[in-house]
K.L.:
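Structure below; questions to follow.
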Number of protein chains: 2
Amino acid sequence: MKKAPRAPDDALETPRRRPTINDIARLAGVSKKTVSRVINASPFVRSDTRDRIQAVIAELGYAPDPQARGLAYGRSFLIGLVYDNPNPQYVVNMQLGLLDGMKGSGFELVVHPCDRESPTFLEDLRAFIERQRLFGVVLTPSVSEDERAAKLMSDIGCAYVRVASVSLDTPEHMIETRDRLGGREAARHLAELGHTRIGFISGPASFRSSHERRSGFEEALNEHGLTLSRTYVAEGAYTFDSGVERGRELLAIEPRPTAIFAANDEMAAGVLQAARQAGLRIPEDLSVVGFDDFQIASRLWPALTTVRTPTREIGRLAVERLLGRDDDVRDPKNRLPSLVVRDSTAPLKG
Amino acid sequence: MKKAPRAPDDALETPRRRPTINDIARLAGVSKKTVSRVINASPFVRSDTRDRIQAVIAELGYAPDPQARGLAYGRSFLIGLVYDNPNPQYVVNMQLGLLDGMKGSGFELVVHPCDRESPTFLEDLRAFIERQRLFGVVLTPSVSEDERAAKLMSDIGCAYVRVASVSLDTPEHMIETRDRLGGREAARHLAELGHTRIGFISGPASFRSSHERRSGFEEALNEHGLTLSRTYVAEGAYTFDSGVERGRELLAIEPRPTAIFAANDEMAAGVLQAARQAGLRIPEDLSVVGFDDFQIASRLWPALTTVRTPTREIGRLAVERLLGRDDDVRDPKNRLPSLVVRDSTAPLKG
DNA sequence: CTGAAAGCGCTTACAG
DNA sequence: CTGAAAGCGCTTACAG
């Protein structure tokens with residue numbers, strides 16, 4: 001029996017085989033090695049040869065197969081996001097930023113949430129990276145603060161960039177979010193509103209960001225002639241519940257603070273809750289400032305004054321550094337924390 | 001000059017070359033094809049041969065290279081999450097569920113947010129899938145409701161599963177979230193509290209979930225002898241702002257509704273805001289029910305009564321279906337929407 | 001500046 | 001039940 005004619009298939013555009021490097025080489029009348037040089041932007045190709053090849057590539061809509069490339073190259077075209085930040089908004093914004101930065105690069109993003117407390121944490125991370133032969137990874141807080149993780153990357157020869165509030169590594173491995181500056185903004189705002197009895201709820205001591213936010217805050221208060229009394233400082237856990245608890249405690253102190261800076265929005269939401277339970281009006285009786293500017297900040301009542309961190313922008317910078325593409329010409333201002341004033345802060349009542 | 005001795009390197013465990021299929025074959029005394037059969041769980045291997053090979057695999061900690069496997073197989077070991085849901089919590093929970101389902105499978109998760117309104121939407125999606133030779137994709141609302149996207153998957157021969165509120169495809173391509181049942185729960189709750197003048201804020205008409213939530217709500221109200229008056233129905237956009245607007249409008253109607261069901265938490269948060277601005281106490285003057293049970297629900301004041309959808313569980317089911325691994329033995333109850341009663345609802349005042 | 005050969009680590013036919 | 005050959009689509013040395 002003869003093969004059926006395949007005309008109907010050819011009429012559809014679907015089953016058309018994807019062009020390979022061999023097709024391009026044949027049509028351009030060169031060896032596939034030369035096509036490979038063009039793909040990899042090697043300088044050792046005569047410009048007219050290059051043009052001819054690129055024309056064929058464009059015409060056929062050719063894109064090299066990342067798997068084949070990866071196999072030969074000994075390394076995939078995948079970039080991993082390794083994170084343990086529980087806040088969904090942070091994670092999603094970071095992912096969007098990373099994707100922004102890898103757009104058009106042929107790389108794809110593989111996500112890898114992890115748990116630093118797990119006994120198999122490092123082992124799992126290593127298996128993940130080696131199995132996929134990851135091109136590189138971006139580490140975000142708090143994994144980014146884990147020296148064991150950074151050392152692992154060096155050991156297995158995986159490119160990495162650490163996103164953290166402060167520098168923990170050589171510049172090519174770091175994107176700093178400079179949370180300290182955000183703490184300063186919060187302090188300046190409350191000082192300018194005339195507050196003097198000011199409370200602070202930190203994150204857990206194990207988070208660098210918590211330390212940075214606090215020291216920036218304290219530093220700027222001092223510059224305004226104020227001091228952060230230890231009485232009004234409490235250690236939270238970056239969670240809503242800890243915000244409620246610590247808020248309740250701070251508001252029970254006599255004399256009561258007239259303003260509280262919580263080191264993230266979740267805890268600030270908790271403080272609002274505690275204040276309401278204590279019968280205090282916000283911002284009349286108490287000003288509250290958060291940190292992050294996540295979605296929740298504008299949904300609360302009253303809407304929260306907070307410090308915005310440009311997570312998406314930071315994510316973009318992180319991959320660009322990883323891919324060695326960062327211009328460093330861009331205005332650095334939009335990567336810094338900035339204050340967003342809403343309705344939870346007001347001048348101290350005369 | 002002689003090569004330096006490499007003893008120091010051998011002392012570290014780092015630069016040890018990863019074992020390949022050839023190493024396993026050699027050590028087990030079989031051909032690599034037989035090793036391949038074991039890797040791919042082929043039944044045509046004598047059990048003692050299999051055991052011997054598996055022992056060697058375990059000893060060397062061998063894992064096949066997904067890139068090499070993919071290249072030969074004509075398909076990668078990557079699974080794509082294609083989504084356009086703007087809610088971070090949904091996205092993150094879905095990702096966690098997918099990862100739960102692919103744990104230990106050797107597959108990895110590649111994320112692909114997209115914009116259905118973009119003129120290059122289908123083209124981009126196609127390029128993404130073909131370039132990476134994705135094994136399969138999970139589509140979530142509202143992309144999952146787009147027939148063009150589903151057709152594209154069929155056309156290019158990419159496995160897919162659609163997550164949607166109601167069946168839109170053959171069973172092997174569907175995971176239903178059955179939002180209608182959630183709507184019913186909301187209705188039952190408000191009816192049992194004695195409410196009769198009940199308002200409803202829908203999502204956009206273009207979302208199936210919005211339709212399902214509403215019709216389940218209306219249906220169950222009817223069963224309780226109540227009707228959903230058109231006067232008290234408004235169309236929102238699943239956004240906070242639309243919740244504020246529609247809430248304000250509904251609360252201006254005489255006689256005022258004593259309860260409002262908003263088709264998602266974001267809009268319910270908006271209703272809370274509108275009620276506060278209208279000087280109404282919640283739940284004394286107005287009961288409010290949301291849908292989703294995202295983080296925000298428990299941070300609002302008062303904490304929101306809402307319908308929880310088990311997104312993470314749904315995600316796990318979706319990949320399992322994609323990988324042909326679903327047991328279908330598991331208790332189906334934990335994949336259904338369920339009511340979470342908090343502080344935003346109360347019995348109708350006598 | 002360009003190319004022929006060998007190889008990356010697997011799998012798909014095809015034999016036996 | 002098992003294996004030798006060829007090939008997936010690229011790149012890395014190595015020549016010229």
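Naming convention: chains lettered A, B, ... in sequence-line order (proteins, then strands); numbering from 1 in each chain. These numbers come from the heavy atoms of this one structure, side chains and all, not from hydrogens, waters or symmetry mates. Note that the structure is a prediction, hence the values are computed from the model and not measured.
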K.L.:
Does His112(B) reach the main-chain N or O of Phe128(B) with its side chain, forming a donor-acceptor pair under 3.5 Å?
P.N.:
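Checked: no pair found.
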K.L.:
When you look at CZ of Phe121(A), are more than 12 heavy atoms from neighbouring residues, nucleotides or ligands closer to it than 6.0 Å?
P.N.:
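Buried by this count: over 12 neighbours within 6.0 Å.
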K.L.:
Considering only heavy atoms, which members of residues 42-56 of chain A lie under 4.0 Å from some atom of DNA chain D?
P.N.:
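Listed by number, there are none.
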K.L.:
Aromatic rings Phe135(B) and Phe107(B): how do their planes relate, parallel, tilted or perpendicular, breaks at 30° and 60°?
P.N.:
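The arrangement is perpendicular - the two ring planes meet at more than 60°.
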K.L.:
Is the closest basic N to carboxylate O distance between Glu147(B) and Lys151(B) below 4.0 Å?
P.N.:
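No salt bridge links Glu147(B) with Lys151(B).
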K.L.:
Could you tell me which nucleotide pairs with dC1(D) by Watson-Crick or G-U wobble geometry, both distances under 3.5 Å, or answer none if nothing does?
P.N.:
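Per the H-bond distance test, dG16(C).
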K.L.:
How long is the line joining NZ of Lys33(A) and C1' of dC10(D), in whole Å?
P.N.:
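Those two atoms, NZ and C1', are 10 Å apart.
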K.L.:
From CZ of Arg26(A) over to C1' of dG3(C), roughly how many Å is that when rounded to an integer?
P.N.:
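Going from Arg26(A) (CZ) to dG3(C) (C1'), I get 17 Å.
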K.L.:
Which heavy atom in Leu168(B) sits nearest to a heavy atom in Ser144(B), and how many Å separate them?
P.N.:
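It is CD1-O, 3.9 Å.
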K.L.:
Would you mind telling me which of Ile129(A), Ile79(A), Val82(A) makes a side-chain contact (heavy atoms from CB on, under 4.5 Å) with Leu134(A)?
P.N.:
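By the side-chain contact (heavy atoms from CB on, under 4.5 Å) criterion, Leu134(A) pairs with just one of Ile129(A), Ile79(A), Val82(A): Ile129(A).
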K.L.:
Distances under 3.5 Å only, N/O to N/O: pair up the protein atoms with those of nucleotides 6-9 of chain C.
P.N.:
unit_1	atom_1	unit_2	atom_2	d
dC8(C)	O2	Ala72(A)	N	3.4
dG9(C)	N2	Ala68(B)	O	3.3

K.L.:
Between dG3(C) and Thr34(A), is there an OP1 or OP2 to side-chain N/O distance shorter than 4.0 Å?
P.N.:
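For Thr34(A), the contact criterion (side-chain N or O under 4.0 Å from OP1 or OP2 of dG3(C)) is met.
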K.L.:
Between Glu123(A) and Arg126(A), does at least one N-O distance fall below 4.0 Å, as a salt bridge requires?
P.N.:
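Salt bridge: no.
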K.L.:
Knowing that exactly one of Arg46(A), Arg52(A), Arg50(A) qualifies, which makes a side chain to side chain donor-acceptor pair (under 3.5 Å) with Asp48(A)?
P.N.:
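Answer after filtering Arg46(A), Arg52(A), Arg50(A): Arg46(A).
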K.L.:
Arg37(A) has an atom CZ; how far is it from atom P of dT11(D), in whole Å?
P.N.:
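In whole Å, dT11(D) P lies 11 Å from Arg37(A) CZ.
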K.L.:
Would you tell me if any nitrogen or oxygen in the side chain of Ser31(B) comes within less than 4.0 Å of OP1 or OP2 on dA4(D)?
P.N.:
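No, outside the criterion.
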